[in-house]
Amino acid sequence: MPLLCEVAVPVPLARAFSYEVPPALAASVRPGARVLVEFGRKKVLGVVLATSEGAAPEGVRLKPIAAVVDPEPVLPPELLSFLRELSSYYFAPIGEVLRLALPAVEREDVRALEAQGELPGTLSRVKQVGGRKIAYARPTDAVEEPGVLRGQAASVLALLRSNGEMPIARLEEKFGNARAAVKKLASLGLVVTEEREPPRDAFFARPEPRDEPPVLNEAQSAAEARIEEALQGIGAQKSAAFLLFGVTGSGKTEVYLRAIAGCLARGRGAIVMVPEIALTPQLVARFRARFGDDLAVLHSGLSEADRHAMWKRVRTGAVRVAIGARSAIFAPVANLGLILVDEEHDGSFKQEEGVRYHARDMALLRAHRASAVAVLGSATPSLESVHLVRQGKLVELRLPDRAHREATLPEVTTVDLRRIGAGPTGNKLISLPLHRALEKTLAAGEQAILFLNRRGFAPSVVCESCGHVATCLACSVALTFHRARGGRMRCHYCDWEGPMPAACSECRAPALALEGLGTERLEETIAEAFPTARVARLDRDVADGAKAEAILAKMRAGEIDVLVGTQMVTKGHDLGNVTLVGVLNADAALSLPDFRASERGFQLLVQVAGRAGRRDRPGRVLIQTRNPEQPAVQFAKRHDVSAFLEHELADRAEVGYPPFSRLALFRVDALDEEVARRAAGVIAAHAKTSPEGQSRVVEVLGPAAAPLARLRGRYRFRVLLRAKDRRALRAATAAAAAAIPEIDRRVRVVVDVDPVAML
DNA sequence: AGCACGCCGACT
DNA sequence: GTCGGCGTGCTC
């Protein structure tokens, strides 16, 4: 009997492929090791999933493994089996899942391998970390003569002038000829270039003095004791999972730190997951202060080489704590003992493209399989987690309010937009009470945050003559007017951008009006109404990543009086002297056509309200809404998270949505509407005729046009499967997914298991 | 996803 | 006559 082995190859195909193991390699072909194999006409790096004795399946000629790359498996067995399970749970190709877990160099540098003579263990072709220099280009104050610049040189200069200094490598991503263009610009004295060391990873830029663990309060001690107890049992094939439910400021982080310390003390490693936006130098500093610099911070700003270096340090156990956003769930932490998920309710734990996994759910799975402890923390837990507590699958640990919390709880008032009119600005969303509150706050020398989840200047451009709303040609959504660059219309879904037309495209009337309020206009209006106030804006248009941190830092330093912004303003902690928070339009989030709208809206309100007030000074929150009676608003007003959860759970139970049922969503899209509709019909038919569909154990809803019926030129349809029973849902989903290969190739079909965003 | 094979339009 | 468009089929 020949020795066969199953190999996952880096292609989006659902299955693995079998290869023959030459006798000489038999000893080194182990699950989790990478192998070089011929796949089609190409050589690719695959990962061994399993080996078996047996004969080739009928009608296939097995190819041999060309070489074994790793003498030791790159993936610990625990991680490998977790990845396989994830792949099957989400109906995601195993090759794609492995791609998430392996750094690029480990995954695809076949040429480098061959150049090295395919010697095992010599895959150290990784670029040297540190020492290398980066060339930057910076615009000077010189002004060019009109007309001398054309083509890329002009574009490069324009980009540099708007962005300031940029690495030339970055410019080359946009303009193939950037290097030549920069040279030309430099010869004209319009830019200067400079070679410098790359900036040190911002997370480790400053030394961080070690801290002394503070004394825990009673609730923290109790929580710590429970986690300790669980950690003690982890060697014994036991796992335990907790929901740490505590308001902001109740000391969740300190409990995390103790848990990690307890885990390390037992010689095991830990993964800490935080929402994308929360991974800031301040947060990392707290961990460094306790554990020193032996942390792997996995973030999107890492270069491929740095990422690879981190990954290796984690895998070998040189570093025992990995911290990052959702992809940290794939960290190859050796001897995993603990997974922490901070702000577990946060939407960013769900990956919304490619392999659509939920890192919080996968944290529970991986911890369980690794006999590790999982701790999910939140001030506003997800209904899923609360439900798990009720089922006894999670143990709730409560950190009740701070001792003096009553004194600092912000007073929340609602403003009924149906009855209360505009303030002096004339804008309905800047109501009189809000205007007065702003005046008061500014007069007292305090800061305010105004939250509005609409980017741009005006959310729609409307013809005053015929009422026609300008919509994107490729998407079924209204175009947003942006003030930047002389006023342009933009689609927030496909990023199309174009000039504002002089007349209505329907009736030709030259009477286009800018309707509604976006953050740009809000910023401008507030600045006009309060000329002495320093007003700043924080949204995706002005701030990506590092810039957001800079704006928040100015806020903390008191250099901003009024901060206007989208979701981004709800996340930053310790925002200085903020005593007023205004939610301009709570309904924007609460009335989305999504069964989770109320839950998400509530979380948002609680979070944004949490920005108001400090220990010494109570804050004030104004929530503007057309429906002040709605539960999310009412419970947020009373700061009663538990009661909201109770209420919302009852609602969900009644309508049979998660967590009282499970969902699988098929998203179907195609350029041609009929083609897409037909494909969705085929999927639905397969689901309905499956045994589970026929017996109605699984409900099949749809096919229906998606809420955004057209996006990026593609027509979208959906088929939703719903069931109480997980296994039945899985079977029906598999039956429907089996239809995909028969579907017209112009159609894209994605399966989203446990979907979060229903739009 | 790649990458081939394969059958129909505008060019030397 | 050929170069090349992307439809369709396969990859152990």
Side-chain angles (χ1 to χ4, degrees), chain A residues 1-26 28-69 80 83-84 86-88 90-114 118 304 351-357 666-672 674-676 678-679 682 712-714 737-752:
Chain A
M1 280 274 182
L3 185 60
L4 309 185
C5 96
E6 242 188 292
V7 177
V9 289
V11 289
L13 295 172
R15 18 188 297 270
F17 290 82
S18 301
Y19 285 83
E20 200 178 291
V21 182
L25 298 179
S28 47
V29 171
R30 319 226 308 250
R34 288 168 307 153
V35 289
L36 192 61
V37 294
E38 195 183 305
F39 184 70
R41 246 132 290 221
K42 276 182 27 163
K43 276 199 174 171
V44 297
L45 276 183
V47 174
V48 177
L49 298 179
T51 56
S52 64
E53 299 256 328
E58 256 176 83
V60 267
R61 201 170 63 251
L62 294 189
K63 292 178 176 175
I65 295 224
V68 179
V69 177
L80 183 66
L83 295 171
R84 295 186 71 177
L86 185 151
S87 145
S88 108
Y90 288 109
F91 293 91
I94 182 67
E96 296 278 280
V97 173
L98 283 160
R99 181 204 295 275
L100 294 171
L102 287 173
V105 244
E106 300 278 351
R107 147 162 53 86
E108 48 202 23
D109 224 327
V110 177
R111 264 173 296 121
L113 266 178
E114 290 190 314
E118 293 166 21
E304 195 47 54
Q351 171 124 69
E352 292 290 7
E353 54 191 26
V355 181
R356 306 173 82 103
Y357 65 93
F666 284 82
R667 304 162 191 270
V668 177
D669 68 60
L671 289 170
D672 185 278
E674 261 326 297
V675 167
R678 214 176 310 130
V682 171
R712 297 171 197 271
R714 302 179 73 90
I740 295 175
E742 299 162 24
I743 285 172
D744 193 314
R745 287 171 60 111
R746 292 170 292 174
V747 182
R748 272 196 319 221
V749 182
V750 300
V751 194
D752 195 346

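Numbered from 1 within each chain, the chains take letters A, B, ... in sequence-line order.
Taking all atoms of both residues into account, the shortest heavy-atom contact from A/Leu36 to A/Val69 is N-CG2, 4.2 Å.
Residue contacts shown for A/Glu38 are limited to sugar-phosphate atoms, with no base heavy atom under 4.0 Å away. Across all strands, A/Arg61 comes closer than 4.0 Å only to sugar-phosphate atoms, never to a base (heavy-atom distances). Nucleic acid contact for A/Leu4: none, since no nucleic acid atom lies under 4.0 Å from a heavy atom of the residue. Among the protein residues, A/Phe39 comes within range of the nucleic acid bases, having at least one heavy atom under 4.0 Å from a base atom.
Judged by distance alone, with hydrogens and angles left aside, the side-chain atoms of A/Tyr19 form a donor-acceptor pair with the main-chain N or O of A/Glu38 at under 3.5 Å. Checked by atom type and distance alone, the side chain of A/Ser87 pairs as donor or acceptor with a backbone atom of A/Ala92 at under 3.5 Å.
Distance CG/A/Leu671 to CZ/A/Arg748: 8.5 Å, rounded to 0.5 Å. We find the CG-CG distance between A/Asp744 and A/Asp672 to be 9.0 Å, quoted to the nearest 0.5 Å. Note: A/Thr51 OG1 to A/Glu53 CD = 8.5 Å, rounded to the nearest 0.5 Å.
Bracketed by its first and final contacts, the part of DNA chain C lying under 4.0 Å from non-hydrogen atoms of chain A reaches from C/dT8 to C/dC12 in 5' to 3' order.
A straight line from NZ of A/Lys42 to P of B/dA4 spans 10 Å, rounded to a whole angstrom.
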